[in-house]
Amino acid sequence: MTKAKKTFRRKKEESIPITDIAERIRNGDRSALSKGITLIESKSPHHRKLASELIGMLLPFTGNSIRIGITGVPGAGKSTWIETFGSNVVQEGKRIAVLAIDPSSSRSGGSILGDKTRMETLSNHPDVFIRPSPSAGTLGGVARMTRETMLLCEAAGYDLILVETVGVGQSEGMVRGMVDFFLLLTLTGAGDELQGMKKGIMELVDAIVINKADGHNEQAARKTRNEFSQLLHFLTPATEGWKPEAYTCSAILNRGVHELWQLIVEFEQQMRQSGQFEKRRREQSVDWMNQMLLDRLYDHFLSQGNRRERLKEFEERVREHQLSPTEAVDKLFEE
Ligand SMILES: Nc1nc2c(ncn2[C@@H]2O[C@H](COP(=O)(O)OP(=O)(O)O)[C@@H](O)[C@H]2O)c(=O)[nH]1
Ligand SMILES: [Mg+2]
């Protein structure tokens, strides 16, 4: 490939060499960071290749942040919590990147606007970078984009990466797979919710916070916290050597929010000391590689002949019990 081609063209007149973008990202240039992320999110194979080169160049400067995932049902207060938490932490001179994963965003047009208004202080802060969820494609695609975006943000010198996700479907497991510390934000009156809440999610988290512990809700929040605490006792911790606990907070009143930051600092110290921190990151990298390989194989397989159409047919027939899943896969391979 010629040098001239290794550029990212936005308009015809304007093209920036990828080495320049890398350099500028390293210097904390936000528009360069946004450009880099646009490459990552692009559908064009040329852009994706450039993105890959960019990440390669920046890889030596990644890994220096603490990566925090936040999950919870819509309305639990995640965005508000991030606004409060982030505002506390930037005051300590930390730089924060907020990334969102919203599996519903392609349908609803995104909660981007809602989030930006909830994060008013943060979105105007020079040490904070907020990037809404990539709206495109599969969960696997979104996972790749978010992971790669995370790396660019680290190269740009952000100390904390917060990944907000809506607690639906498989997005939680996916976020767990890319962060160091995983937090569940939930609410009181969760009697039903508690029943319905899969044990699965509780075994993914490093802490549970009952939000909106204010006004009339305060006492109920404490009760819910105790219920969660009891449940947590019976479960396998997500992180070896760390006992997840339940807490209460009010994101709006900034109560119990800074305590979580102290907890996360403690978590990082302890887990670095025990070696668990590094170990998890290594495993995550390997898992990531394997996941990407699977995704590519799947795409490659379906791109041959008319397999994609055949798969659609087989899906229908499997749904109608005319064909067993095993038979369907056998046929796809045979054809
Ligand atoms: N009373 C109370 N309301 C809150 C608190 N945190 C968030 N809210 C409200 O809950 C609603 C949903 O908040 P949001 O941050 O958008 O939730 P998200 O969907 O989880 O991101 C908003 O109306 C917030 O003002 C809190 O600590 N106390
Ligand atoms: Mg939100």
Side-chain angles (χ1 to χ4, degrees), residues 68-90 96-125 128-135 139 142 146 149 160-169 171-172 174-176 178-179 181-190 192-194 196-198 201-202 204-225 228 246-261 263:
I68 303 165
I70 298 126
T71 186
V73 295
K78 297 177 296 297
S79 300
T80 312
W81 188 87
I82 290 172
E83 162 84 355
T84 304
F85 177 85
S87 304
N88 293 341
V89 176
V90 281
I96 305 178
V98 182
L99 315 178
I101 294 180
D102 183 354
S104 64
S105 67
S106 50
R107 268 175 288 137
S108 68
S111 49
I112 302 152
L113 272 180
D115 282 348
K116 283 254 171 183
T117 52
R118 300 253 191 285
M119 300 189 203
E120 219 177 336
T121 311
L122 288 190
S123 51
N124 293 317
H125 200 288
V128 180
F129 180 81
I130 300 181
R131 184 80 181 187
S133 175
S135 56
L139 202 62
V142 172
T146 309
T149 298
L160 269 77
I161 317 278
L162 302 180
V163 183
E164 175 185 344
T165 184
V166 179
V168 292
S171 66
E172 279 152 348
M174 174 181 111
V175 173
R176 170 73 273 184
M178 60 174 85
V179 298
F181 188 94
F182 196 36
L183 173 71
L184 169 66
L185 208 67
T186 184
L187 298 171
T188 53
D192 295 339
E193 212 180 311
L194 214 71
M197 185 171 292
K198 300 140 284 170
I201 165 74
M202 289 185 66
L204 293 179
V205 297
D206 297 302
I208 295 176
V209 181
I210 323 299
N211 188 33
K212 308 195 187 181
D214 44 43
H216 298 310
N217 212 13
E218 223 178 316
Q219 211 170 356
R222 256 181 261 133
K223 189 165 165 276
T224 307
R225 178 198 58 202
F228 272 107
Y247 306 86
T248 59
C249 84
S250 168
I252 279 198
L253 300 181
N254 195 359
R255 271 202 234 135
V257 179
H258 203 60
E259 283 80 348
L260 240 292
W261 171 232
L263 188 80

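Both ligands and their constituent atoms are indexed starting at 1 by order of listing.
- For ligand 1, the polar-atom distance check finds no N/O of L253 at less than 3.5 Å from any of the ligand's N/O atoms.
- Applying the 4.0 Å criterion to heavy atoms of P74 picks out, from ligand 1, the atoms 19 (O).
- Between the side chain of T84 and the main chain of A251, a donor-acceptor pair closer than 3.5 Å is present.
- Interface atoms of ligand 1 facing E164, defined by a heavy-atom separation under 4.0 Å, are 21 (O).
- Only the side chain of D214 comes within 4.0 Å of ligand 1, counting heavy atoms alone; its backbone N, CA, C and O stay farther away.
- Listed by number with element, the atoms of ligand 1 under 4.0 Å from a non-hydrogen atom of A251 are 6 (N), 26 (C), 27 (O).
- Taking the N/O/S atoms of E164 in turn, the shortest distance to the Mg ion (ligand 2) belongs to OE2.
- Under 4.0 angstrom from ligand 1, the non-hydrogen atoms of V73 all belong to its backbone.
- Side-chain N or O atoms of N211 include none that pairs as donor or acceptor with a backbone N or O of L185 at under 3.5 Å.
- Taking the side chain as every heavy atom from C-beta outward, I101 and M174 approach each other to under 4.5 Å.
- For the pair S123/V128, no side-chain contact is recorded, criterion being any heavy-atom separation below 4.5 Å from C-beta on.
- Here the shortest heavy-atom distance to atom 9 (C) of ligand 1, taken over H216, K212, K78, belongs to K212.
- Taking a cutoff of 4.0 Å between a charged side-chain nitrogen and a carboxylate oxygen, R176 and E172 do not qualify as a salt bridge.
- A side-chain donor-acceptor contact under 3.5 Å links K78 to the backbone of V73.
- Under 2.8 Å from the Mg ion (ligand 2) lies no N/O/S atom of T80, from backbone or side chain alike.
- Side-chain atoms of I208 and I210, non-hydrogen and from C-beta on, do get closer than 4.5 Å to each other.
- Residue-ligand proximity, T80 to ligand 1, at heavy-atom distances under 4.0 Å covers atoms 6 (N), 7 (C), 13 (O), 14 (P), 15 (O), 24 (C).
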